2 protein chains.
Amino acid sequence: MDSDELRNAGLKVTTPRLKILTLLENATERHMTAETIYRLLAEGGEVIGLATVYRALAQFEAAGLITRHHFDSGQTVYELERGPHHDHIVCIRCGRVEEFYDKVIEERQREIAASLGYKLSDHALTLYGECNSPDCLAGKG
Amino acid sequence: MDSDELRNAGLKVTTPRLKILTLLENATERHMTAETIYRLLAEGGEVIGLATVYRALAQFEAAGLITRHHFDSGQTVYELERGPHHDHIVCIRCGRVEEFYDKVIEERQREIAASLGYKLSDHALTLYGECNSPDCLAGKG
DNA sequence: GTTGCAAACGATAACGATTCTCAATATAGA
DNA sequence: TCTATATTGAGAATCGTTATCGTTTGCAAC
Ligand SMILES: [Mn+2]
Ligand SMILES: [Mn+2]
Ligand SMILES: [Zn+2]
Ligand SMILES: [Zn+2]
């Protein structure tokens, strides 16, 4: 249950937090901005202050429930931290975001950090390109 | 000469642009924010409007003279586009930025994009960790 | 070397994303 | 149920960045 997840994270169980967490679990798009989350909730009749959305997301991140990404598009995007680590490829034409995991790259990153004398704690890898989805190609004009 | 570089880029040769380009070439730090560039110029007695700094950087980027990066620290950082492509590793303690190039990772990125049906156009890879420079370790407190 | 005019400049207003403030309200434990 | 404390929502404030606009400059034709 979502309320358990909040309690386990050391957070009080409040209506806004439950609504936001539930949306993150059920939305078709895994990667969303704070604005998008705010808007989707509002469209579903759940009006929650934008400041509260930002606050909840910051707390969820601190608790390890979600991760944030800074794609080149500007706005911060959030996603539920479920399943194994992965990186992203973003379509520069339609905005589609896909996930991938590459053992070779992950391993090389560790070797590079070590060889430069760094204690590696995180990394951000995003590929940018044009996807081949029919919808995207259609709008190619 | 810097003025040639501006002309070749199709830009008028103006005092602010020359000052900014020269700073980018001579500064000890290759990776700087717009604010830092503005401040370093001001400290050197070259007062240039902040808006002009942003404008010049945008034009330099469009002309391919510089590249911009979005590290997790928030602000956009700029660097002269000289020499071969590289990625970055950033110290989360002292902010040091180092560069690296890894042929294996570059190759895997191309393969991943291709296997997902994307026409790869760019990528951003940044590693985060703690460096082992004496200065950084000293302030470990 | 002047002149003319588009391009660029600087100051500052505006902007979008995010964070802060604070009075009102809800949560969780006694 | 009662209370102490955390959380909320509305809006102000902040931060980095971009747009506006009157003034100045680069530069090419005279
Ligand atoms: Mn993801
Ligand atoms: Mn670099
Ligand atoms: Zn696409
Ligand atoms: Zn360091």
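Since this is a predicted model, take the numbers as computed values, not measurements. Within every chain, numbering begins at 1; the chains are lettered A, B, ... in the order of the sequence lines, protein sequences first and strands thereafter.
Across the protein-nucleic acid pair, A/R17 atom CZ and D/dG9 atom P stand 11 Å apart, rounded to whole Å. Rounded to whole Å, atom C1' of D/dA10 lies 10 Å from atom OH of A/Y38. Between the P atom of D/dG26 and the CG atom of B/L6 lies a distance of 13 Å, rounded to the nearest Å. The CG-C1' distance, from B/L18 to D/dG26, rounds to 12 Å in whole Å. With rounding to whole Å, A/I48 atom CD1 is found 6 Å from D/dG9 atom P.
Distance SG/B/C136 to CZ/B/R96: 7.5 Å, rounded to 0.5 Å.
Taking only side-chain nitrogens and oxygens, B/T76 comes nearer than 4.0 Å to OP1 or OP2 of D/dT17.
Where A/L50 and A/K12 meet DNA chain D, the nucleotide closest to each residue was compared, and A/K12 sits on the side nearer the 5' end. Of the residues near DNA chain D, B/E35 and A/G49, the one whose nearest nucleotide (by heavy atom distance) lies more toward the 5' end is A/G49. Heavy-atom nearest nucleotides on DNA chain C were determined for A/L11 and for A/A51, and the one closer to the 5' end corresponds to A/A51.
Within the 4.5 Å cutoff, no side-chain heavy atoms of A/D87 are placed close to those of A/D102. You'll find the side chain of B/E81 stays beyond 4.5 Å of the side chain of B/E61, heavy atoms only. In this structure the side chain of B/L21 reaches within 4.5 angstrom of the side chain of B/E25, judged on heavy atoms. No side-chain heavy atom of B/F60 sits under 4.5 Å from any side-chain heavy atom of B/E5. Within the 4.5 Å cutoff, side-chain heavy atoms of B/L116 are placed close to those of A/I89. The shortest distance between side-chain heavy atoms of A/L57 and A/T76 does not fall below 4.5 Å.
The only member of A/H69, A/H123, A/H70 that meets ring-ring contact (aromatic ring centres under 6.0 Å, His included) when paired with A/H88 is A/H69.
Among the protein residues, B/T15 comes within range of the sugar-phosphate backbone only, with heavy atoms under 4.0 Å from sugar or phosphate atoms but none that close to a base.
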N/O donor to acceptor pairs below 3.5 angstrom from side-chain atoms of residues 39-54 of chain B, sequence neighbours left out:
unit_1, atom_1, unit_2, atom_2, d
B/R39, NH1, B/E43, OE2, 3.4
B/E46, OE1, B/K19, NZ, 3.0
B/T52, OG1, B/R55, NH2, 3.2

request  = For DNA chain C, just give me the dot-bracket, please: Watson-Crick or G-U, both distances below 3.5 Å, ( ) intra-strand, [ ] crossing earlier pairs, | paired with another strand, . unpaired.
outcome  = ||||||||||||||||||||||||||||||

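Within the structure, side chain to side chain donor-acceptor pair (under 3.5 Å) pairs that include any residue of residues 9-18 of chain A comprise A/R17-A/Q59 (at least two apart or interchain).
Within residues 52-72 of chain B, the residues approaching DNA chain C are B/T52, B/R55, by heavy-atom distance under 4.0 Å.
Looking at residues two or more places apart in sequence or on another chain, you find a side chain to side chain contact (heavy atoms under 4.5 Å, CB included) between A/E111 and A/E107, A/R108.
If you walk DNA chain C from 5' to 3' and mark each nucleotide with an atom closer than 4.0 Å to a heavy atom of chain B, the marks span C/dA7 to C/dT12.
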